[in-house]
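Reviewing the structure listed below.
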Amino acid sequence: MSETLHSKVLIIGSGPAGYTAAIYAARANLKPMLVTGLEPGGQLMITTEVENYPGFADVIQGPWLMEQMQKQAVHVGTNLINDYIKEVDFSSRPFKAIGDQGTVYTGDTVVICTGAKARWLGLPSEDIYRGKGVSACATCDGFFFRGKEVVIVGGGNSAVEEALFLTNFCSKVTLIHRRDSLRAEKILQQRLFDNDKIEIIWDHQVEEIKGDPALGMDSLILKNVKTQETQTLKADGLFVAIGHDPATDLFKGKLDMDDSGYIITRPDSTATSIEGVYAAGDVTDDNYRQAVTAAGMGCMAALESDRFLALKSDN
Ligand code: NAP
């Protein structure tokens with residue numbers, strides 16, 4: 001028979017949102033249970049240097065930061081469980097989540113912190129140079145490219161905003177797009193076209209990233225999708241901005257989501273369409289996508305869980 005484990009607050013996911021929700025819930029004496037998922041630590045586990053998480057005067061490493069958050073969550077009383085949730089049932093309370101081996105986790109409240117993943121181009125060379133010039137977050141890594149020439153791939157709002165942001169540091173930003181028109185909002189497009197530091201290469205795709213795996217990337221092979229001709233472009237960095245996918249397959253049809261699959265929460269709240277179920281971090285945020293904003297939402301979710309449980313116990 002499969003085991004059943006219960007807690008007042010069941011947290012699914014172990015990025016900054018999940019760990020922060022756990023820290024706050026544990027310190028509110030709610031004895032939270034956090035199920036980590038397949039890759040504990042989330043997106044920061046594939047980041048190297050982190051310079052924008054407040055509290056650290058020196059540069060820190062993403063995996064180290066996540067290890068510290070995990071230890072802090074356990075230290076204050078979180079029951080940390082390495083399992084992967086494959087099914088949820090939010091139709092009645094306590095809410096249910098089923099683990100990979102059939103363990104049933106129940107919670108009087110649930111905090112969903114399953115995050116999102118950046119889309120990558122899918123090139124073998126991308127894996128080699130990730131963290132060595134290749135990034136999916138200009139806000140996080142742009143600062144490391146001061147005075148350098150970088151390339152950004154994509155044609156949506158993110159790519160255009162990030163290209164503009166990168167001009168604050170970089171000597172030149174080249175935007176590569178696979179078509180001859182952008183899908184970004186017109187006002188952003190105009191700012192892009194007006195910026196002298198930005199060059200646009202239309203109808204091209206990145207075919208390969210070149211460099212020295214020990215030192216980092218130094219150039220890209222680009223292919224014209226109309227003529228199939230290739231060219232080499234010198235570049236110190238490559239920012240991939242072709243969208244993100246929230247990890248919400250589990251919750252489809254169970255919680256309200258937007259067209260892109262992000263869980264919808266009430267304004268200024270982490271409350272989802274089901275009372276007692278909260279969502280925090282990138283799983284509900286296609287705008288800021290920062291560790292610190294995810295952590296803030298994790299805190300909100302724990303506080304909202306606490307208030308919800310207090311209200312229920314009064315009735
Ligand atoms: P997006 O709007 O889905 O745009 C993705 C871009 O990447 C598209 O231009 C797409 O090309 C390109 N692309 C996709 N796969 C590719 C591949 N394999 N190789 C090369 N290019 C590829 O994604 P996003 O820009 O991240 O934005 C996501 C959502 O957040 C959107 O709804 C956006 O409006 C919103 N957002 C809003 C703001 C804002 O309001 N300030 C800021 C950022 C994001 P095609 O155009 O050819 O499909």
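In this text, all values refer to a predicted model and were calculated from it rather than measured experimentally. Computed over heavy atoms, backbone and side chain alike; hydrogens, waters and symmetry mates excluded. One-based numbering, in listed order, for ligands and for the atoms of each.
- Every residue two or more places apart in sequence or in another chain that forms a side chain to side chain donor-acceptor pair (under 3.5 Å) with Asp249 is listed here: Lys252.
- Between Thr284 and Ile264, the closest side-chain pair of non-hydrogen atoms is not below 4.5 Å.
- Take Lys86 and apply the salt bridge (charged side-chain N to carboxylate O under 4.0 Å, His left out) test, not counting sequence neighbours, and it matches no residue.
- With sequence neighbours left out, the side chain to side chain donor-acceptor pair (under 3.5 Å) criterion links Gln101 to no other residue.
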Show your reasoning for whether ring-ring contact (aromatic ring centres under 6.0 Å, His included) applies to Phe95 and Tyr105.
CA-CA 8 Å; Phe95 304 115; Tyr105 303 98; over 10 Å; no

Every pair of nitrogen or oxygen atoms between ligand 1 and the protein that is under 3.5 angstrom apart - can you list them with their distances to 0.1 Å?
from	atom 1	to	atom 2	distance (Å)
ligand 1	9 (O)	Gly155	N	2.9
ligand 1	9 (O)	Gly156	N	3.3
ligand 1	11 (O)	Arg178	NE	3.2
ligand 1	11 (O)	Arg178	NH2	3.4
ligand 1	25 (O)	Asn157	N	3.3
ligand 1	25 (O)	Ser158	N	2.9
ligand 1	25 (O)	Ser158	OG	3.2
ligand 1	26 (O)	Ser158	OG	2.7
ligand 1	34 (O)	Asn157	ND2	2.9
ligand 1	41 (N)	Glu161	OE2	2.6
ligand 1	46 (O)	Arg179	NE	3.4
ligand 1	46 (O)	Arg179	NH2	2.8
ligand 1	46 (O)	Arg183	NE	2.9
ligand 1	46 (O)	Arg183	NH2	3.3
ligand 1	47 (O)	Arg178	NE	2.9
ligand 1	47 (O)	Arg179	NE	2.7
ligand 1	48 (O)	Arg178	NH2	3.0
ligand 1	48 (O)	Arg183	NH2	2.6

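- Cation-pi geometry between Arg146 and Phe144 is not met at under 6.0 angstrom from the ring centre and within 45 degrees of the axis.
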